[in-house]
Amino acid sequence: MRRLCKKGSLITTGSVIQGFGMAVFLFPHSIPSGGAAGLAVLLNYWFHLPMSLGLWLMNIMFLLFTVQYLGKISAFGTIMVITVTSVSVKVLDVYFESPFPNIWFDLLAGSILLGTGISILLSQRVSNGGIGYVALAIYKFKRINPGKTLFWMNGFIFLLAAYVIDWKIIILAVICQWVSTRIVTWIYKPPFGRETPVYTLAWRKK
């Protein structure tokens with residue numbers, strides 16, 4: 001029970017940290033933190049759907065399409081992450097605002113927080129979002145490297161968001177991905193001394 005509570009606390013902490021980075025520093029500038037966030041930005045732009053709700057819907061949709069291929073236990077943890085992150089975005093967006101007057105400071109702060117949150121989640125073997133499950137499901141059946149799949153899926157969504165809203169979004173999104181990935185590489189230490197690629201997102205090869 002103690003171990004379960006500790007795991008739940010760490011998952012919640014990681015989710016809130018990444019939600020804080022999104023709500024306070026990234027989303028105010030329409031900077032997507034990933035593919036699902038990019039779709040949430042588009043839904044907000046087109047239909048004025050709250051970012052928190054759009055983020056939750058997109059992640060859940062990706063997860064539900066692939067959970068039958070990748071197992072329910074890991075999916076449960078991911079649903080918890082998605083829900084806590086979305087609620088955090090909703091709440092923190094109301095009560096907090098960035099202290100920085102410059103978009104580049106916001107980008108750096110948001111990316112660092114995002115990478116920190118993802119590192120905590122990876123340490124607990126859960127994904128930070130549902131889009132990673134699509135890449136892993138494709139790997140299972142087509143043996144296509146999930147990193148490449150994620151790159152192309154996220155890249156397409158970023159390009160679409162940049163085309164619809166502002167072309168500078170693609171630059172900001174790529175920088176965000178690079179910085180957050182560097183933070184994960186620096187912080188995350190997989191068990192047993194083996195390095196696990198960031199894109200695996202709670203996946204184990206079978």
Side-chain angles (χ1 to χ4, degrees), residues 11-67 75-103 105-118 120-121 126-134 150 153-177 179-180 201:
I11 291 175
T12 301
T13 299
S15 302
V16 171
I17 290 175
Q18 74 166 0
F20 186 79
M22 294 175 186
V24 179
F25 300 105
L26 300 178
F27 286 170
H29 303 289
S30 297
I31 303 173
S33 57
L39 293 175
V41 168
L42 286 170
L43 289 174
N44 177 261
Y45 181 82
W46 282 327
F47 307 111
H48 305 290
L49 189 72
M51 292 292 294
S52 56
L53 180 58
L55 184 67
W56 189 85
L57 287 174
M58 290 299 98
N59 275 307
I60 288 294
M61 182 184 71
F62 286 126
L63 187 62
L64 290 179
F65 274 123
T66 53
V67 65
F76 178 79
T78 301
I79 290 174
M80 178 180 175
V81 170
I82 293 169
T83 303
V84 174
T85 298
S86 299
V87 171
S88 299
V89 169
K90 179 66 175 180
V91 173
L92 296 172
D93 180 56
V94 174
Y95 294 102
F96 291 89
E97 62 180 23
S98 171
F100 304 122
N102 188 289
I103 186 175
F105 287 116
D106 282 350
L107 174 62
L108 179 60
S111 301
I112 291 174
L113 287 169
L114 178 66
T116 302
I118 292 174
I120 296 173
L121 296 174
V126 294
S127 166
N128 71 312
I131 196 169
Y133 269 71
V134 178
L150 271 180
M153 287 194 300
N154 285 337
F156 174 78
I157 294 171
F158 292 161
L159 281 173
L160 179 61
Y163 175 77
V164 172
I165 302 174
D166 192 327
W167 280 108
K168 71 179 181 182
I169 287 178
I170 187 67
I171 299 174
L172 298 172
V174 169
I175 294 175
C176 174
Q177 291 287 296
V179 173
S180 61
L201 302 176

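Heads up: numbering here begins at 1 and tracks the sequence. As the structure is a prediction and not an experimental result, all values here were calculated from the model.
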Looking at every non-hydrogen atom in both residues, tell me the closest pair between [X] and [Y] and how far apart they are.
X    : Y    : result
V126 : G77  : CG1-CA, 3.9 Å
S30  : I169 : O-CD1, 3.7 Å
G34  : N154 : C-OD1, 3.9 Å
S111 : C176 : OG-CA, 3.3 Å

*After noting the C-alpha distance and the side-chain angles of M153 and L150, does the key distance pass the side-chain contact (heavy atoms from CB on, under 4.5 Å) rule?*
CA-CA 5 Å; M153 287 194 300; L150 271 180; 4.0 Å; yes
Just distance, no hydrogens or angles: give the donor-acceptor pairs under 3.5 Å from side chains in residues 47-61, sequence neighbours left out.
from	atom 1	to	atom 2	distance (Å)
W56	NE1	T83	OG1	3.1
N59	OD1	G130	N	2.8
N59	ND2	L55	O	3.1

_side-chain contact (heavy atoms from CB on, under 4.5 Å) partner of S88, the single match among D93, V16, I17_ =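 Considering D93, V16, I17, a side-chain contact (heavy atoms from CB on, under 4.5 Å) with S88 is found only for V16.
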*Pick out which of I170, I31, L107 makes a side-chain contact (heavy atoms from CB on, under 4.5 Å) with I175.*
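Single pass found, and it is L107.
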*Can V84 and I11 be said to form a side-chain contact (heavy atoms from CB on, under 4.5 Å), step by step?*
CA-CA 9 Å; V84 174; I11 291 175; over 6 Å; no
*For side-chain contact (heavy atoms from CB on, under 4.5 Å), just list the numbers for I131 and L39, CA-CA rounded to whole Å, side-chain angles, deciding distance to a tenth of an Å, and then say yes or no.*
CA-CA 11 Å; I131 196 169; L39 293 175; 6.0 Å; no
*Heavy atoms of other groups near F100 CZ, more than 12 under 6.0 Å*: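 Yes.
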*Separation of F62 CZ from T78 OG1 (nearest 0.5 Å)*: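 Here the rounded value is 14.0 Å.
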*How many angstroms lie between CG in L160 and CD1 in I165, if you round to the nearest 0.5 Å?*
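Atom-to-atom, L160:CG and I165:CD1 are 8.5 Å apart.
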*Using atom types as modelled and distance alone, determine if a side-chain donor or acceptor of Q18 lies under 3.5 Å from a backbone N or O of L113.*
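Side chain of Q18 to backbone of L113: no pair is present.
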*Can F20 and L26 be said to form a side-chain contact (heavy atoms from CB on, under 4.5 Å), step by step?*
CA-CA 9 Å; F20 186 79; L26 300 178; over 6 Å; no
_Flag side-chain contact, heavy atom, 4.5 Å: P28 against D106_ =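 Side chain of P28 against side chain of D106, heavy atoms only: no contact under 4.5 Å found.
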